[in-house]
2 protein chains.
Amino acid sequence: MTAPRPDSELGTDTAAVRPAERTRDADRTRAEILAVATAEFADRGYAGARVNEIADKLSTTKRMIYYYFGGKEQLYVAVLEQAYGRIRALEQQVDVEHLEPVAALRELAGLTFDHHEAHPEFIRLVSIENIHRAEHLAGSPALAGLAAPAVDVLGAILQRGRDDGLFRDDVDALDVHQVISAFCVFRTANRHTFRAIFDRDMLDPATRAHQRKLLGDLVVAHLTTR
Amino acid sequence: MTAPRPDSELGTDTAAVRPAERTRDADRTRAEILAVATAEFADRGYAGARVNEIADKLSTTKRMIYYYFGGKEQLYVAVLEQAYGRIRALEQQVDVEHLEPVAALRELAGLTFDHHEAHPEFIRLVSIENIHRAEHLAGSPALAGLAAPAVDVLGAILQRGRDDGLFRDDVDALDVHQVISAFCVFRTANRHTFRAIFDRDMLDPATRAHQRKLLGDLVVAHLTTR
DNA sequence: TCTCGTATGTACCAAGCGGTGAGTTACCGA
DNA sequence: TCGGTAACTCACCGCTTGGTACATACGAGA
């Protein structure tokens, strides 16, 4: 995850008993910059993040950011691309095809729920990118039309459910995905204002099971009601 | 550009008791700064907004921003307070008590839907404030624990529905509000990334009626399913 | 009219910002 | 062994940023 090599030099930090074993490794440096930048952008937004601040948290220097990425904006795009890539890779591991339509639907919703809860940093990046009207995302050929695999899975489940006469047919897969996403994203993205106003922490572990069931009930009830 | 009408029930200090024809320039200047700052912060976020930029769009000068508000951060807090104040004032006008529980629920969801769609700027401010972990909102005594009136209305509807044996009883008002908010906020807050990835504009007027019905069906089906 | 405090405009600043010029070192293939 | 180049360091730059010192126009009450 983070840089494996703190490297002594100006030792403001602790430990680092390791002798100076500074090797040149482009991949490692690139990865370290991306990791630190991801944390920094997710934490403070694009405009709020500081290149100097990112550099200070690096074992290398600011110059390397420009050497590898060109500039702040390109670095941010690279962060976005990596984050989306990782999330999509995780989504592709979903396998609920062997379940009954209703059970599969509930399971998919639950997995999406878990998934979003496990990656708050990603949700923050998405929120930030929306503030900027997704201009960076739209400008990146790697990300523009990369739909989530989850929607295809959802489409298959819905089709089976309709074939069995269990599900209504005036709601498409993207509608359902939108509802699931909305619920899951909202919990993380709006956590702080919601808590400040309603005094409820939507991510409180104590109510997690209730919230997870709530989402499942919601989509199942909706699709099975005519 | 300049707001011709002071009309500020949200004024933090002013009496606002029918000023005689010629309002003091102070009120108008304050209001103008707030209006421009609201647009600018909503557009670019807190860190992305520039005091100089706001000043340039004013009929007065930057000096006045510091004279009336003290600094960028205090200006931002004032913007938040005004925005929340206005939204709550609108929410209090909701009246669905005369309807049957199911119809009332659907109507409230629909009104919230309309309401959020009509104030994208507010949604953006909320998103921005969440990026900053609601620290400004929590720090404002005027806003910290003031719940939306909509939740009380919802609570009354749910109670009536339960009394009539129509609604399930393991879902509370805040759960339902959370679901409704999630759906409505998501449409606006995540509009751009959702569109970039799934090629669906959730605010497309052509699908508005479908989306509105979707939300109504969702909450009604959920509450009426045992 | 003359005050005097409120409201406003002008000019300016130091710090911080993203970004770069130019030289230096470690690695690798020949 | 050795040269070429990728990887890296250091010092520096020009502009933008939020913020302010200071002068002053205005108008209501004496």
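Quantities reported herein were computed from a predicted structural model and do not represent experimental measurements. In what follows, chains carry the letters A, B, and so on, assigned in the order in which the sequence lines appear, proteins first and then strands, with residues in each chain numbered from 1.
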Identify every side-chain donor-acceptor pair in residues 60-71 of chain B under 3.5 Å, counting partners at least two apart or on other chains, and give the distances.
| residue | atom | partner | partner atom | Å |
| --- | --- | --- | --- | --- |
| B:Lys62 | NZ | B:Asn52 | OD1 | 2.9 |

Roughly, in whole Å, what's the span from [atom1] in [X] to [atom2] in [N]?
X       : N      : atom1 : atom2 : value
A:Asp25 : D:dA6  : CG    : P     : 16 Å
B:Ile54 : D:dT17 : CD1   : P     : 12 Å
A:Ile65 : C:dT20 : CD1   : P     : 13 Å
A:Tyr67 : C:dA22 : OH    : P     : 17 Å
A:Met64 : D:dT9  : CE    : C1'   : 8 Å
B:Asn52 : C:dA11 : CG    : C1'   : 13 Å
B:Asp56 : C:dT10 : CG    : P     : 13 Å
A:Asp27 : D:dA6  : CG    : P     : 15 Å

May I ask you to evaluate whether [X] reaches the phosphate of [N], defined as a side-chain N or O under 4.0 Å from OP1 or OP2?
X       : N      : answer
A:Thr29 : D:dA7  : no
A:Thr60 : D:dT9  : yes
A:Thr61 : D:dC8  : no
A:Arg50 : C:dC17 : yes
B:Tyr66 : D:dT20 : no

Could you tell me whether [X] contacts a base, only the sugar-phosphate backbone, or nothing, with contacts defined as non-hydrogen atoms closer than 4.0 Å?
X       : result
B:Ala49 : sugar-phosphate
A:Tyr68 : sugar-phosphate
B:Ala55 : nothing

Looking only at the side chains, is there a donor atom on one of [X] and [Y] sitting less than 3.5 Å from an acceptor on the other?
X        : Y        : value
A:Glu32  : A:Ser59  : yes
B:Gln178 : A:Arg187 : no
A:Ser140 : A:Glu81  : yes

State which of [options] makes the closest approach to the side chain of [X].
X       : options                : result
B:Lys62 : C:dG18, D:dG18, D:dT9  : D:dG18
B:Arg63 : D:dC8, D:dC10, C:dT10  : C:dT10
A:Arg24 : C:dT20, C:dC27, D:dG18 : C:dC27
B:Lys72 : D:dA7, D:dG18, C:dG9   : D:dG18

State plainly whether the residues [X] and [Y] are in salt-bridge range, i.e. N to O under 4.0 Å.
X        : Y        : answer
B:Glu91  : B:Arg88  : no
A:Arg200 : B:Asp175 : yes
B:Arg212 : B:Glu117 : no

- Out of curiosity, B:Glu129 CD to B:Phe122 CZ, how far, rounded to the nearest 0.5 Å? 10.5 Å

- Task: Any chance you could encode DNA chain C as dot-bracket? Rule is Watson-Crick or G-U wobble with both distances under 3.5 Å; [ ] for pairs crossing earlier ones, | for another strand.
- Result: ||||||||||||||||||||||||||||||

